[in-house]
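Take a look at the structure below.
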Amino acid sequence: MAQDFIKELQTELQPARQRLVDHSLYYSIRSLDDLRVFMGYHVFAVWDFMSLLKALQRDLTCTTLPWVPTGNPATRRLINEIVLEEETDVDPEGRPTSHFELYLRAMRECGADTTPAERLLAALGEGASVPAALAAAQAPLAVQEFVKQTFAVIAAGQPHAVAAAFTFGREDVIPDMFRHLVADLGRRFPGQLDTFIYYLNRHIELDEENHAPLAQQMVRDLCGTDPARWQQAAAVAQQGMAARVALWDGIQAALAQEPATA
């Protein structure tokens, strides 16, 4: 029966998902300067994704002392497998790294400005709240609104809703979004985007083949056969996709203000 709920949820989300996959932003990135602008915004989504993930790990596994078995063992395994590959994947040379750190490396490689993201980390390291850290980073308004929505889901404290935001607002749709970006970057900018292309391809591979199916199973486990939980999951997933579309709109508006370059 839970399998039917998943199919119904995917059907309900399909229009919102298609708006995201078909967004014109992907075709607006025509130059390295355009890509640098995109990355300067998107890096914050790469960062706040990890907080969604760690919220799930906090709520679905034991992360305090003394350790006690917590929750469903199958769900614990699912979330820990995803954490392993998101927080400690490997870079092109086979060295352990998080996807966020890999993204910063890709930004530096192509000349994108990592200063705002570094200011965010510095402010958080000094104990600033997320809104204060975003302000200190001088993050664009579209970024601040996107991150605000992510942390509102986390703050609500409903693991099934967080799982839905993580699964259908992020993992399930990322491969189709990233395919638009990876299509011809290597051909157009040889040697300048190797790490970024590796990052995109790695996400497509992991999310499509491993993480999305694992995350869907996590949603099944958490929602069970409770219709109210499935309704909440659908609402949160819709909100997450709408927030991503708004972020993409913000990036596209920023690109429209950039001087045209080759």
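Along the sequence shown, residues carry numbers from 1.
In this structure, Pro92 and Arg105 have side chains that are in contact, with non-hydrogen atoms separated by less than 4.5 Å. Looking at heavy atoms from C-beta onward, Phe196 lies out of side-chain contact with Met107 at the 4.5 angstrom threshold. When side chains are defined from C-beta on, Phe168 counts as touching Gln216, because their heavy atoms get closer than 4.5 Å. Between Met241 and Gln238 there is no side-chain heavy-atom pair separated by less than 4.5 Å. Considering only heavy atoms from C-beta on, Leu32 comes within 4.5 Å of Leu193 through its side chain. Looking only at side-chain heavy atoms (C-beta outward), Phe5 and Leu9 stay at 4.5 Å or farther from each other.
The hydrophobic clustering, which links ILVMFWY residues whose side-chain heavy atoms are closer than 4.5 Å, places Leu60 and Leu214 together. When the side chains of ILVMFWY residues are joined at heavy-atom separations under 4.5 Å, either directly or via intervening members, Leu206 and Ile174 end up in two distinct hydrophobic clusters.
Of the possible polar contacts, none joining the Trp230 side chain to the Ile6 backbone as a donor-acceptor pair under 3.5 Å is found. Looking only at distances, a side-chain donor or acceptor of Arg229 sits under 3.5 Å from a matching main-chain atom of Leu222. For the pair Gln18 (side chain) and Pro15 (backbone), a donor-acceptor distance under 3.5 Å is absent.
A donor-acceptor contact under 3.5 angstrom links the side chains of Thr195 and Glu109, judged on distance only. If you check the side chains of Gln217 and Asp221, you find a donor sitting under 3.5 Å from an acceptor. In this structure, a donor-acceptor pair under 3.5 Å is present between the side chains of Glu86 and His211. Between the side chains of Ser98 and Glu101, at least one donor-acceptor pair of N or O atoms lies under 3.5 Å. If you check the side chains of Asp113 and Thr115, you find a donor sitting under 3.5 Å from an acceptor. A side-chain N or O of Lys54 and one of Gln57 form a donor-acceptor pair less than 3.5 Å apart. A donor atom on one side chain and an acceptor atom on the other are found under 3.5 Å apart for His23 and Asp249.
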Problem - Arg202 and Leu102: CA distance, side-chain angles, deciding distance, side chain to side chain contact (heavy atoms under 4.5 Å, CB included) verdict - result: CA-CA 11 Å; Arg202 188 69 176 147; Leu102 186 64; 5.6 Å; no
Exercise for the section: Go through the steps to decide whether Ser28 and Gln252 satisfy the test side chain to side chain donor-acceptor pair (under 3.5 Å), and finish with yes or no. Expected result: CA-CA 7 Å; Ser28 301; Gln252 194 160 38; 2.8 Å; yes
Exercise for the section: Step by step, work out the salt bridge (charged side-chain N to carboxylate O under 4.0 Å, His left out) result for Arg179 and Glu205. Expected result: CA-CA 11 Å; Arg179 279 195 183 91; Glu205 174 190 356; over 6 Å; no
Problem - Worked check of side chain to side chain contact (heavy atoms under 4.5 Å, CB included) between Val43 and Trp47 - result: CA-CA 6 Å; Val43 66; Trp47 167 75; 5.8 Å; no
Problem - Met50 and His99: CA distance, side-chain angles, deciding distance, side chain to side chain contact (heavy atoms under 4.5 Å, CB included) verdict - result: CA-CA 9 Å; Met50 287 302 302; His99 285 179; 5.9 Å; no
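Salt bridge annotation for Arg77-Glu81: present, with a cationic side-chain nitrogen under 4.0 angstrom from a carboxylate oxygen. Salt-bridge formation is not detected for the pair Arg30/Asp34: no Lys NZ or Arg NE/NH1/NH2 atom is positioned less than 4.0 Å from an Asp or Glu carboxylate oxygen.
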What pairs of donor and acceptor atoms, side-chain ones from residues 147-164 against any protein atom, are under 3.5 angstrom apart with sequence neighbours left out?
residue : atom : partner : partner atom : Å
Thr150  : OG1  : Asp48   : OD2          : 2.6
Thr150  : OG1  : Phe146  : O            : 3.3
Thr150  : OG1  : Arg170  : NH2          : 3.2
His160  : NE2  : Gln232  : OE1          : 2.5

Going by atom type alone, with no hydrogens or angles, which donor-acceptor pairs under 3.5 Å involve a side-chain atom of residues 118-130 and a protein atom two or more places apart or on another chain?
residue : atom : partner : partner atom : Å
Glu118  : OE2  : Arg108  : NH2          : 3.1
Glu118  : OE2  : Thr114  : OG1          : 2.8
Arg119  : NE   : Ala136  : O            : 3.4
Arg119  : NH2  : Ala137  : O            : 3.0
Ser129  : OG   : Ala132  : N            : 3.2

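Within a 6.0 Å radius of CZ in Arg188, more than 12 heavy atoms belonging to other residues, nucleotides or ligands are found.
Every residue two or more places apart in sequence or in another chain that forms a ring pair (Phe, Tyr, Trp, His ring centres under 6.0 Å) with His42 is listed here: Phe38, Tyr103, Phe178, Trp248.
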